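These figures come from a predicted structure and were not determined experimentally. Sequence lines set the chain letters: A, B, ... in the order given, protein chains first and strands last, and positions in each chain run from 1.
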Amino acid sequence: APDSGGSAQDDGGEVPAKPGKAVTLNILDVAGNLQLTQGMIDDFVSKNSGVVSKVTYSKSPAPELVGKVKAQQNANRVDIDLVLTGVDGLSAGIEQGLWNPLLTKYADRLPGVQEYLPGAAAMQKLAGDSGVTVTYYPSGPLIEYLPAKVPNPPKTAQELLDYAKANPGAVQYARPSNSGPGRTFLMGLPYLLGDSDPKDPTGGWDKTWAYLGELNKYVTLYPSSTGETMKNLANGSAKIIASTTGWDINPRVLGTVPKEAAIGTLEGFHWVTDAHYAVVPKGVSTDKQSAILLLLAHMLTKEQQAKAYDKGYFYPGPAVKDVDLAMAPADSRAAIEEFGRPEYPDLIAKNPLEVPLGSKELVAAFDRWDREIGGAKVAK
Amino acid sequence: MSFEELRLDGVSRSFGGHAALAGLDLTIKRGEFIALLGPSGCGKSTALNCLAGLLPLTRGSIWQDEARLDVLPPERRGFGMVFQNYALFPHLPVRKNIAFGLQMRRVPRAEIRRRVDEALRLVHLEDQAGKLPGQLSGGQQQRVAIARAVVLEPSLVLMDEPLSNLDAKLRLEMRTEIRRLHQSLGLTTVYVTHDQEEALSLADRLVVLRAGRVQQIGTPEQLHTEPANWHVADFMGYRNLLPLKAGARRGAGVVVEVEGRELLGTPVGDLAPGSDVIAGTRPEDLTIGPAGGTGVPATVEVVEYQGREVAVEARTPGGIPLNLRSVDRPAVGDRITVTVEPRRLLVFPADGA
Amino acid sequence: MSFEELRLDGVSRSFGGHAALAGLDLTIKRGEFIALLGPSGCGKSTALNCLAGLLPLTRGSIWQDEARLDVLPPERRGFGMVFQNYALFPHLPVRKNIAFGLQMRRVPRAEIRRRVDEALRLVHLEDQAGKLPGQLSGGQQQRVAIARAVVLEPSLVLMDEPLSNLDAKLRLEMRTEIRRLHQSLGLTTVYVTHDQEEALSLADRLVVLRAGRVQQIGTPEQLHTEPANWHVADFMGYRNLLPLKAGARRGAGVVVEVEGRELLGTPVGDLAPGSDVIAGTRPEDLTIGPAGGTGVPATVEVVEYQGREVAVEARTPGGIPLNLRSVDRPAVGDRITVTVEPRRLLVFPADGA
Amino acid sequence: MVALRHRLAERGIDRQLLLLIPAAVFVLLLFIYPFLYGVGLSFQPVEGGALGAYREFFTDAYLRDTIGTTLQLSLPAALLNVLASVPIAYRMRGRFRGKRLLTTVLVVPITLGTVLTAQGLLNFLGPTGWFNRTLLSTGLADAPVRLTNNYWGVFFSLVITGFPFAFLLVLSYLSGIDPSLERAAATLGAGRWQRFRRITLPLLAPGLATTFCLTFVLAFSVFPSAVLVGDPSGTTRVMSIAAYDAAYVRYDYPLASAVAVLMGLVELIVIGAVLGWRALLYTGSTAGGKG
Amino acid sequence: MAARRSIVATPAAWLVWGVVAAFFVMLAGVIGSVVVSSVGTQWFDTWLPTGWTTRWYAQSWDEFTLLPVLIVTLEVSALVVGISVLIGVPAAYVLARRSFPGRRLLYLLFLLPILMPPITYGIPLATVLYKYGFAGNLSGVVLANLVPSVPFVILTMTPFIEQIDPAVERAARMCGANTRQVFVRILTPLLVPGILAASILVLVRTVGMFELTFLTAGPDSQTLVVALYYSMSAAGIRAQQSIDAMAVIYTSMMLVLLVLALRFVNPTQLVARVRDEGD
Ligand SMILES: Nc1ncnc2c1ncn2[C@@H]1O[C@H](COP(=O)(O)OP(=O)(O)OP(=O)(O)O)[C@@H](O)[C@H]1O
Ligand SMILES: Nc1ncnc2c1ncn2[C@@H]1O[C@H](COP(=O)(O)OP(=O)(O)OP(=O)(O)O)[C@@H](O)[C@H]1O
Ligand SMILES: [Mg+2]
Ligand SMILES: [Mg+2]
């Protein structure tokens, strides 16, 4: 597309405060982030038609992102202006040197960055200068069950194991590399079990691997998506599944999980947080960069951040401090009042927050899980 | 699998309302050689296909002695067939094409070999045994089709114009072979041909079809000399068919008038005087006399070389064309008179069935 | 696209080392009617395909007046062709099959209509115009193939046994039509047939092939009365070919001895006395006399009805089979003597080229 | 010039070959360069020299075993698809009422796509799906039969998506065979089975070989369903998962390319064998003579 | 109409029809459960959902702006099918009919793009296309999808072409048809079943081809499968039912395409044989 503009020549210079003329932005969402932020972006565009004339949205799963951006950059024709991504896409891009380190030069144009919640700030640190945290949540690990079927939910990791032993097939988590809750469960275990180095899955997770190996004996199925585990919970073929705050609230709002499902925590757990980032590929023109900086600044204001409550999709959602549920749009408030849980603010406040594994370590953990836990099914 | 007689009883077959074969009644005795004759499209192949079981009948039945045959699938009837379009198996070399039927009958290997060799010899294809059908000439393909059918020595063999693509010499040879096979193996044969000479020389009985209906069934001589109607006559080589008016009877004969001359002919069927008739005669039965003779006058228009004889086309002053044959060679433009023996001039009703 | 003459210059075609056609030299004048004759598999279709451009030559060249033709693709040569296996377009109804070539030449619609109608009439298929080829009888298909070729009125039309599947009557009619077309449209025609009578009656010149090689080129009469060697004679209907020894010359004739009787024949080529010869004569040139006559004695073995005449197979006391024709009908077992006019008995060298 | 043309004609070279040019140019421009680039990439691993990626593949049992896993899945599936289509297509040659409907319905699964198939299998064959419900309520089984998230789930999805392909092709190839040949065989005493075995099958075989190759390729590169209804870290860890993992999870493009090249190689071996066998078969026109 | 011989079903026939029936039951179950789920509000451990709704459709329709996506998908698949048949059939013809030096090598060359997973060549291919300005828009998507499609057509068509009697082509040439006309007027109609089969296969592959499409698509040239893939495998929470709804949309679209294809090409051709005789 001719107006997609960006070419490598004009991305190095100084980014003007305002684009010379209104630009079109192509936004690619690889994390499901638009669910939370599209309202903010549309709001900006409607108010600043002189900066952004039009936005096109496209979506894709994260992994292919790198290939596409790479191909465009190799050919000097980048037509993706802004990528909304989770930790995986962000760090993969950093590794391949795809992102424009916007914050190094222009941190001052994004006042919201100073206002991050502590957890969000930690997540931002993980991103270096390459991405801007736009939404944040503490995630999990949580367990979810139907109180009618599990009257006495396990309270500790050991009890969970015992429960699994007593009820083979009843405990389920999805394959970690395909599932947020699965991954959170995996990353949360070292804290629960007191492993030597929770950040080093190859060397410091002895107890975790032993625990997962033991649990594996009583798990008959690792579905390929969280949705499957939710469905199995709903239809009764699984009794306890791994979950997160978002996966707890939103499916009940949607009706795919019975409203009466309950969550539980295991004693001594640490939150393994998660966030979404906005990143700009190298090769995007300075005009567009300037528009993006203005857009991001807008998105990090408190009024806009309140939209991130959504319907519990990324509960709570906002990355900056002091955004109350009361500021959220009405339907969002209604949903969370009905399906949210009063215990969450407390749980979030009382338990330590941990950033997730870096991408290298996470891949190593996935790999080992696939070989030793998921792949061990072959032998059975 | 041998039988005493095969009875076709009102066998009919239509294609989308159009009757390609209508009510064929025919009894075939063991060892008989029947030829089906008739113009192109008259239903000959259809009759054969019905007999072979390849086309379901739309009416009628077929009986082999007391057993009903038309309910059996083709492979259970044990007949052999030579297809008009050959239908050779394109993926099998000649030898395997011929051996196919024997293999189906679980004939021992050595015997298959022997019989196939013999069949190959029979059709003069010894050196082509290894070729695929696609690499053969048309006539060679046809011969493979013949060999494939007769190698089985079936109780009945059906042949659909099996010699149409062969040259005269080979045709005569193959004809002799077919007769020899027929006699020595006692093969009952139903043979479709468009060549009356072939039919006359091979068959015990001929069946003449026209537009799906039987016109006449009889021995070669019956058909040749006493065609039942002018259509059969037309087909049997009575190339001169003149639409005339019947005159008075004279003895066993009937008078017809051509170009003002009275000719005496042999009536076929009832002929009321004055009714429309068709008088038919063969080119070779017309005799050429010099101009001013007693016959019908005519002028030579075309003379065609045909080996020993010439074919002559002449025209009467009234414009009626006549086909003649002559050993002498008249010149174009010659005036001649034409005569015919009364017994060689057949007079049919014009509305002949 | 018209031409004065077409010259084939050493045209050859091999299939994997085997020469199906070897060095054919032939000049075809405009308007000429050439027939290719020869036994099955002798290379007739191959020659036709080479001329049409459907088979690339492996040697030789073809010239149309001064233009080299063999480098042109078939569609640029502007010839028409009737295929031995019909090769009708199975997806097009009869009418469209015939119209195809006209459409390719961008003839206006109305004219296509008219010409196709005319062609349909010509081959008597007016009522089958809407059928698909698969729904036609063999002979009907063949007629469509003829119509499809001649409707184009091409400068040269190639016909590969176009009448082989037709009945005698239709065959005669079509033969007349082909001749009429040939004359009225001035179509130059190359015609492959296995039927010598057809060839004799249609062609201006005949080319006799054997095993890919030309045996003789000449007018029908030349071939009929003066075959160049015994192979040609064999093919031209000299069914009695007796391997004998040459005797002394007597005038223009040569003496040969059969069963102890001396016969006078006409030599073809040089014949040293005592050399191996083959004496050939046609069945119809042998005359039957009563037993004890002057000719060669023989016994009647087979009598075959053939309409006006009968075919007789007789055998001499020495076991030589003789084919004869006769208007009278001898009985099987009759003793006869056989005579022949010297000019009807041709004597060829046995190693005849 | 002309002599050359004659010589070339004898070897089969003439202007008709120009018809190949668009396709050849296309493949050369858009495939060969990128492909060679990919192959080249597979020889430039981060560590371990030119063959490092391949060495890694073959020394790591978890990667190496994917070859066997993939073949175990794709060969039986492709075979079943082709073999099952033959009798069904064979029965459907003649004319009968409802044939068009039946054919259309048989072809419908083509439109399903992997996702619907996967979702459908998970829903239908899942522990509380209709299938298991029926089994349980009719007493045919006393515990749900597990048919998803394992080998069988993927196998079924390969059958559902692959069978219509195979059927469509086989039916089309079959209908190209001159029916008069079977009739000829019938008059020679060949029964149904023998006609099929000796006449139809040999003429169909080249088509079957091609069909097998196509369905095999589709089954071999199975990816989404191996993840969705399979057991992607265990019994259905096929080569494409390994390649995907390397490329999109670890961003190890050299290893990914190496796996992909090996995938192509394994496929090529299987297909080469099949097509080699096909070359031995008769592959000409399937008309029986005139007409 | 012709009297039919009584159809006495043999055990083999029963077996075949049994298998077909089983396949249909399975198919109905698979499709039915997805369709039912996509219009259900909640479906837990029961035979049928507890309530009915169309909101999953509305939701995916909005979320992915499906209308333009559908249009793009249609355009892409029509172009890919058309071009690959145009390029592929002549090449298949030569490969099937002629023998010439290098034929096998060429055949192998045409086979490779089908065998090679797009991972091997997808990214460099996208780079090439971006470099020359083809990617990021419709042409890029079409070109990239042609890479496996053209060989696919070639491979599928070869046996079909082998089956046609060469004499028919010769007859057409003798009627004055040049190569193009032989193709258009004679071969194409005879090849209709094959072309149709190949087109459907290519269509399905194209509509379902995620990798190459994603790598070369611009923001306004995404096809349906990209949206579908996203709903299936993207991070984040997605109701099963909305995936089901997407899958149903995808399938309906394919069905529409199939029906359209069958509309433009006589549907009986798909199953009827040209040489059909008698019965
Ligand atoms: N494609 C081929 N491959 C190998 N040999 C062939 C091929 N085509 C023809 N021949 C051989 O070439 C010779 C001449 O064949 P051609 O078709 O010209 O014969 P023909 O004179 O037309 O015979 P017929 O009268 O039987 O049709 C035959 O021996 C035939 O077997
Ligand atoms: N499948 C079919 N569909 C429609 N009509 C058909 C079909 N087969 C044959 N016919 C018609 O039935 C009639 C008889 O055909 P048949 O093949 O029996 O003729 P035939 O006597 O063998 O002729 P020929 O000597 O030309 O081979 C013809 O008019 C033909 O057009
Ligand atoms: Mg017939
Ligand atoms: Mg021939």
Between B:Ser201, B:Pro220, B:Ser137, which has the largest tally of heavy atom pairs under 4.5 Å with chain C? B:Ser201
Which region of B:Asp160, side chain (C-beta onward) or backbone (N, CA, C, O), has a non-hydrogen atom less than 4.5 Å from a non-hydrogen atom of chain C, or is it both or neither? neither
By a 4.5 Å heavy-atom criterion (distance strictly below it), what part of C:Arg282 contacts chain B: side chain, backbone, both, or neither? neither
Please classify the contact of C:Gln128 with chain B as side chain, backbone, both or neither, using a heavy-atom distance under 4.5 Å. neither
Other residues, nucleotides, ligands: >12 heavy atoms within 6.0 Å of B:Arg213 CZ: no
Can you spot which of B:Glu198, B:Arg175, B:Glu161, B:Lys44 makes a side-chain hydrogen bond (donor to acceptor under 3.5 Å, both in side chains) with B:Thr193? B:Glu198
Sort out for me which of C:Ala311, C:Ala20, C:Gly41 touches chain B most, counting heavy-atom pairs under 4.5 Å. C:Gly41
I want to check something: taking the side chain as every heavy atom from C-beta on, are B:Leu163 and B:Ile178 in contact at a cut-off of under 4.5 Å? yes
Determine, stepwise, if the pair C:Leu37 / C:Met236 fulfils side chain to side chain contact (heavy atoms under 4.5 Å, CB included). CA-CA 9 Å; C:Leu37 262 166; C:Met236 293 309 294; 4.2 Å; yes
Using non-hydrogen atoms only, which part of C:Gln140 is less than 4.5 Å away from chain B: side chain, backbone, both, or neither? both
Inter-residue atom distance B:Asp204.CG - B:Thr219.OG1, 0.5 Å rounding: 9.5 Å
For the interface with chain B, which of C:Pro39, C:Gly43, C:Ala199 has the highest count of heavy-atom pairs at distances below 4.5 Å? C:Pro39
So, B:Arg329 and C:Glu221, do they make that salt bridge, N to O below 4.0 Å? yes
